[in-house]
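Read the numbers this way: they start at 1 and go in the same order the structure lists the ligands and their atoms.
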Amino acid sequence: MEHKRSLLKLIDFYLVTDSVLSKKGTLSDVENAVTAGCRIVQYREKSRSTKDMILEASQIKTLCGSEAIFLVNDRVDVALAVDADGVHIGQDDMHISTARNLLGPDKIIGLTVHNVEEALEAERNGADYVGLGPIFDTTTKNDAGDGIGPESIRAVKDAIDVPIVAIGGINKQNCESVIVGGSDSLVAISAVVCSDDVARETKDFIDIIKQFKE
Ligand code: 3NM
């Protein structure tokens, strides 16, 4: 697991799955993104049974192999069932200390935060990275709220040492501002999974991020 944890420092483009928006399906999206160089995948599935999720999660784990970190959104039980590399949880999910107790010290836990205070608390409570968003307005997550703007990233970056993953309304046109703004990596869901060519979009994001990263 130390190998996977050390990859966290290197991540640039971060894939979050969305079976509703996906054009080619979740497994195809993961395979294409990983082949294109994506080093972290979060399985985010809100519409399938637990049984189906466990089956799909084990297939995604295989596709990630030793190259990409594999996290499960919200569902600590599914992460445990397939021995995923960790979870990504939100402010309204179980407390991070509860997730840590269930998963043990070696698993990766990411937490969604919206401001400096939540980021500091997440780091204090042992988050391995924070997801910061929504950076821009998004229709992908109904309850995401208004975009905080890329200029809000720097204060969070200056306050914490763990990596920041920016999320929400990010596309190829605005992603430069997110990286220059101080984010270590970024998620773009609709900009990637709604595409006919997920590998191409992933590669484009990775190239742009590398170009603008400090
Ligand atoms: N979480 P898109 S925004 C899953 O702000 C999610 O925490 C968010 O999708 C947050 O890249 C979001 O299509 C959806 O805007 C991001």
_If the cut-off is 4.0 Å to any non-hydrogen atom of T112, which atoms of ligand 1 fall inside it?_
7 (O)
*Atom NZ in K107, atom NZ in K4: separation rounded to 0.5 Å?*
9.0 Å
*For ligand 1, is any non-hydrogen atom under 4.0 Å from A188's backbone (N, CA, C, O), its side chain (CB onward), both, or neither?*
backbone
*Taking all heavy atoms of I89 and all of A99, pick out the closest pair and write down the distance.*
CD1-CB, 4.1 Å
*Pick one of side chain, backbone, both or neither for how I189 approaches ligand 1, counting any non-hydrogen atom pair under 4.0 Å.*
both
*Can you name the nearest heavy-atom pair linking V198 to V193, along with the distance?*
CG2-CA, 4.3 Å
*Taking N or O atoms only and a 3.5 Å limit, does L21 qualify as a polar contact for ligand 1?*
no
*Go through ligand 1 atom by atom and flag the ones less than 4.0 Å from a non-hydrogen atom of S190.*
2 (P), 11 (O), 13 (O)
*How close do R39 and E67 get, heavy atom to heavy atom, and via which atoms?*
CD-O, 3.0 Å
*Does R154 use its side chain to pair, donor to acceptor, with the backbone of S183 at less than 3.5 Å?*
no
*So which protein heavy atom does atom 5 (O) of ligand 1 come closest to, and at what separation?*
P134 N, 2.9 Å
_Minimal non-hydrogen separation, P150 against F136, with atom names_ = CD-CE2, 3.6 Å
*Can you tell me if K172 uses its side chain to pair, donor with acceptor, with the backbone of F205 under 3.5 Å?*
no
_Residue and atom name of the nearest protein heavy atom (relative to atom 8 (C) of ligand 1), distance in Å to one decimal_ = K141 CD, 3.6 Å
*Subset of ligand 1 atoms that lie under 4.0 Å from at least one heavy atom of G133*: 5 (O)
*Work out whether the distance between some heavy atom of H114 and some atom of ligand 1 is less than 4.0 Å.*
no
*Could you establish whether I167 and ligand 1 come within less than 4.0 Å of each other, counting only heavy atoms on the residue side?*
yes
*Which atoms form the tightest heavy-atom contact between A68 and C38, and what is the distance?*
CB-O, 3.8 Å
*What is the nearest protein non-hydrogen atom to atom 9 (O) of ligand 1, stated with its residue, atom name and distance?*
T140 CB, 3.3 Å
